[in-house]
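The structure under discussion appears below in the form of C-alpha cells.
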Amino acid sequence: MTLTLYNTLTRQKDVFEPIDPQNVRMYVCGPTVYDYAHIGNARPVIVFDVLFRLLRHVYGADHVTYVRNITDVDDKINARALRDHPDLPLNEAIARVTAETARQYQDDVAALGCLAPTVEPRATEHIGAMVEMIEKLVASGHAYVAEGHVLFDVPSMQDYGGLSRRSLDEMQAGARVEVAPYKKDAMDFVLWKPSGAEEPGWESPWGRGRPGWHIECSAMSWKHLGEVFDIHGGGIDLQFPHHENEIAQSRCSHGTSVMANYWVHNGFLQVEGEKMSKSLGNFVTIHELLADWPGEALRLNMLRTHYRQPIDWTVKGLEESVKALDAWYDLVREETGEGAEPDPEVLAALGDDLNTPRAIAALHGLRADAKGGRGARSRLKASAALLGLLPETADDWFARRDLGADIDADAVEALIAARAAARKDRDFAEADRIRDDLDAMGVAIMDGPTGTTWEPKR
RNA sequence: GGCCACGUGGCGGAGUGGUGACGCAGCGGACUGCAAAUCCGUAUACCCCGGUUCGAUUCCGGGCGUGGCCUCCA
C-alpha cells in the first residue's frame with residue numbers, strides 16, 4: 001500500500017519512503033512531567049499511536065522504532081517540587097514529582113488504548129549526550145559561552161527557519177521578547193544554563209548547570225534513532241521554536257542536511273468552542289475525563305476529526321462516540337478479528353495522510369455487511385484494530401460503559417415481573433406506571449419476543 | 001504588528017472542477033397494547049464579493065469571521 005503524509009517541511013502530502021524499511025524510525029515529543037496531562041496533550045499521543053499501528057501493519061511489528069520522550073528536567077518541575085515537598089531535599093522532591101507524574105501519564109495514555117512506544121527515554125538519563133552535542137556545537141562555531149550560559153548562535157546557520165518558513169528578518173521584526181544582555185542575537189536560544197544551589201544541576205565543561213529545553217529532544221532522538229531518521233511528530237504549536245531549534249541543533253552538531261525526513265504536526269484543540277485555559281475554567285485533564293467516559297470513547301472522539309484540522313472537544317461529540325462504539329461492539333460481540341484482513345478502504349483511508357474520519361466512515365460501512373456474517377464481523381474487528389478501536393470483548397465494553405450505574409437488580413427483576421403480570425391482565429395503565437418507576441430508577445426496559453430485558457439507561 | 005491555518009446541511013465531519021460521503025439528531029413507515037431497541041425510507045449544505053471556466057463548494061484575488069504561532073504552552 002502507499003502511505004502519504006503531509007510533511008511540514010515541504011507543505012504537501014509526500015509519499016512515505018523509509019530510510020530503512022527494516023527499521024522505520026519515529027520520534028514524538030512527549031510530556032513534561034509536572035502535572036496531569038490535559039486533553040490537548042492526548043491528541044498527539046493518539047494520532048501518532050495510529051501512525052505507529054499503521055507503520056507496524058505495513059512494515060511489520062518488529063520493524064518500527066517509536067521513541068516518545070519524557071521531559072523530566074524543567075523549571076516547572078522544580079516549582080512543583082518546592083511547592084509539594086518543601087520538607088524534602090530538592091533532588092528527592094523532584095524525583096517524586098517526576099516519578100508520580102510519569103506514572104499518571106502512562107496510566108492515562110494506556111487507558112486511551114495507546115501502545116507503549118518502543119523506547120520512552122528520560123532527559124535526565126541523557127545529560128551526557130546533550131553535553132556532547134553542545135561541545136560539538138561550540139567547537140564548530142554554532143554556539144558560544146556567555147555568563148555561564150551556552151547559547152546557540154542562530155545567524156551561524158544559513159537556513160535556520162526552514163521548517164516554520166520564517167526568515168530571520170521576519171522574526172526580528174516581530175520579536176517581542178526582552179533580549180537577555182548576554183545574547184549576541186535576539187533569536188539565540190539557550191543550550192545550557194547555570195544552576196544555583198536551589199536548582200537541579202549537573203557538572204559540565206561550563207560549570208554546574210542544566211540543559212535548555214530544545215537540546216533534550218535532539219539528544220534523545222540521536223541516541224535512539226541516529227543522526228537522521230524518518231518521522232518527527234508533535235503538536236503544531238511546537239513547530240516554532242521547539243522543532244526549529246531541534247533541527248538547528250541536530251543538523252549543525254551532526255553536519256547533516258536534515259534531521260528527519262517527514263515532519264508531521266497535529267492541529268490544535270479547543271473545548272466547547274473556546275481555547276482551553278485555566279483562567280476560563282475549561283481546562284480538562286485526561287484523568288478527569290476518564291472518570292466519566294471510557295478511554296476508548298475519548299480515543300474515537302479524537303479520531304473523528306482529521307489530525308491536521310482544529311478540533312472542538314465537546315460532550316456532545318463524546319456522546320456520539322459512545323453510541324458508535326455501542327453499535328460496533330453490538331455487532332462484533334465475541335469476534336477476535338484474528339486471521340482477518342482489514343478492510344481495504346480503511347487501509348486506503350489511513351494511508352491517505354491518516355484520514356481517520358474517512359476510515360471511521362468505512363467502519364460504519366462495514367456495519368451492514370457485519371449483520372450478515374462472521375467473516376464481515378471479523379473484518380470489522382480487524383479494521384478497527386488499525387485505529388486501536390474495539391480491543392475488548394463486547395461484554396467488557398458494555399460492563400465498563402455501565403460502570404456508573406448503581407442499580408438494585410433484584411428490585412428491577414421484581415418490578416419487571418409485576419409489570420409482566422399487569423400486561424397479561426391487560427392492565428396497561430399499571431404496566432406503564434411500573435415502567436415509569438423503572439425509568440426513574442435509571443433503568444431502560446425492552447420488550448422482546450423472549451421476554452423483557454433491561455439495562456441502565458444510556 | 002509579522003507569519004500561518006481553518007470557515008461544508010440542525011450538529012459533528014470527509015471530499016471533489018460537473019453524480020450519493022458518513023455519523024448524530026429530525027421526519028415518515030414497519031414492529032409494539034403503547035413505548036424503547038431494531039429495521040426500512042427520507043428532507044436540508046458548501047461564509048461574503050469579484051475573477052478564471054462551458055461549468056466552482058472545489059482554482060485565483062479581496063473581504064469578513066474563528067483559531068494558532070511569534071514568549072512557557074501540546
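Below, chain A is the first sequence line, B the second, and so on; all start at residue 1. Keep in mind the model is a prediction, meaning the values are calculated, not measured.
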Between the protein and nucleotides 34-37 of chain B, which nitrogen or oxygen pairs are less than 3.5 angstrom apart?
unit_1 : atom_1 : unit_2   : atom_2 : d
B:C34  : O2     : A:Arg435 : NH2    : 2.5
B:C34  : N3     : A:Arg435 : NH1    : 2.9
B:C34  : N3     : A:Arg435 : NH2    : 3.4
B:C34  : N4     : A:Asp447 : OD2    : 3.1
B:A35  : N6     : A:Asp447 : N      : 3.4
B:A35  : N6     : A:Asp447 : OD2    : 3.3
B:A35  : N3     : A:Arg435 : NH1    : 2.9
B:A36  : N1     : A:Asp447 : O      : 3.4

Tell me whether the side-chain N/O atoms of A:Asn355 come closer than 4.0 Å to OP1 or OP2 in B:G15. yes
Side chain of [X] only, please: which of [options] is the nearest?
X	options	value
A:Tyr34	B:G33, B:A74, B:A14	B:A74
A:Pro310	B:C6, B:C70, B:C22	B:C6
A:Arg358	B:C69, B:A14, B:G33	B:A14
A:Gln309	B:A74, B:G7, B:G33	B:G7
A:Gln270	B:C70, B:G33, B:G67	B:G67
A:Asp237	B:G13, B:C72, B:A74	B:A74

Protein and nucleotides 23-27 of chain B: nitrogen or oxygen contacts under 3.5 angstrom:
unit_1 : atom_1 : unit_2   : atom_2 : d
B:G23  : N2     : A:Glu320 : OE1    : 3.3
B:G23  : N2     : A:Glu320 : OE2    : 3.4
B:A25  : OP1    : A:Lys323 : NZ     : 3.2

Figure out the CD1/C1' separation between A:Ile236 and B:C70, and round it to whole Å. 13 Å
Would you kindly give the CG-to-P distance between A:Asp35 and B:C73, to the nearest whole Å? 15 Å
Mind telling me whether A:Phe52 and A:Tyr66 have parallel, tilted or perpendicular rings, with 30° and 60° as the class edges? tilted
Who pairs with A:Arg419 by side-chain hydrogen bond (donor to acceptor under 3.5 Å, both in side chains), at least two apart in sequence or on another chain? A:Asp447
So, using side-chain hydrogen bond (donor to acceptor under 3.5 Å, both in side chains) as the criterion, who are the partners of A:Glu120 when residues are at least two apart? A:Arg68, A:Gln106
Could you list the protein-to-nucleotides 40-48 of chain B atom pairs, N/O on both sides, closer than 3.5 Å?
none

Identify each donor-acceptor pair in which a side-chain atom of residues 287-294 of chain A lies under 3.5 Å from a protein atom, sequence neighbours left out, and give them as a table.
unit_1   : atom_1 : unit_2   : atom_2 : d
A:Glu288 : OE1    : A:Thr285 : N      : 3.1
A:Glu288 : OE1    : A:Thr285 : OG1    : 3.3

With A:His243 via ring pair (Phe, Tyr, Trp, His ring centres under 6.0 Å) - residues at least two apart: A:His232, A:Trp263, A:His265
Among all residues two or more places apart in sequence or in another chain, which pass the side chain to side chain contact (heavy atoms under 4.5 Å, CB included) test with [X]?
X	result
A:Thr453	A:Met446
A:Ala340	A:Ser378, A:Ala382
A:Ala348	A:Glu345, A:Arg358
A:Ala421	none

Need to verify one output field. Residue with the more 5' nearest nucleotide on RNA chain B, A:Lys275 or A:Arg308? A:Arg308
Answer yes or no on whether A:Lys13 is positioned over the face of A:Tyr6, meaning its NZ or CZ is under 6.0 Å from the six-membered ring centre and within 45° of the axis. no
For RNA chain B, what are the stems built from at least three Watson-Crick or G-U pairs in a row, each pair having both distances below 3.5 Å? B:1-7 with B:64-70, B:10-12 with B:22-24, B:26-30 with B:38-42, B:47-51 with B:59-63
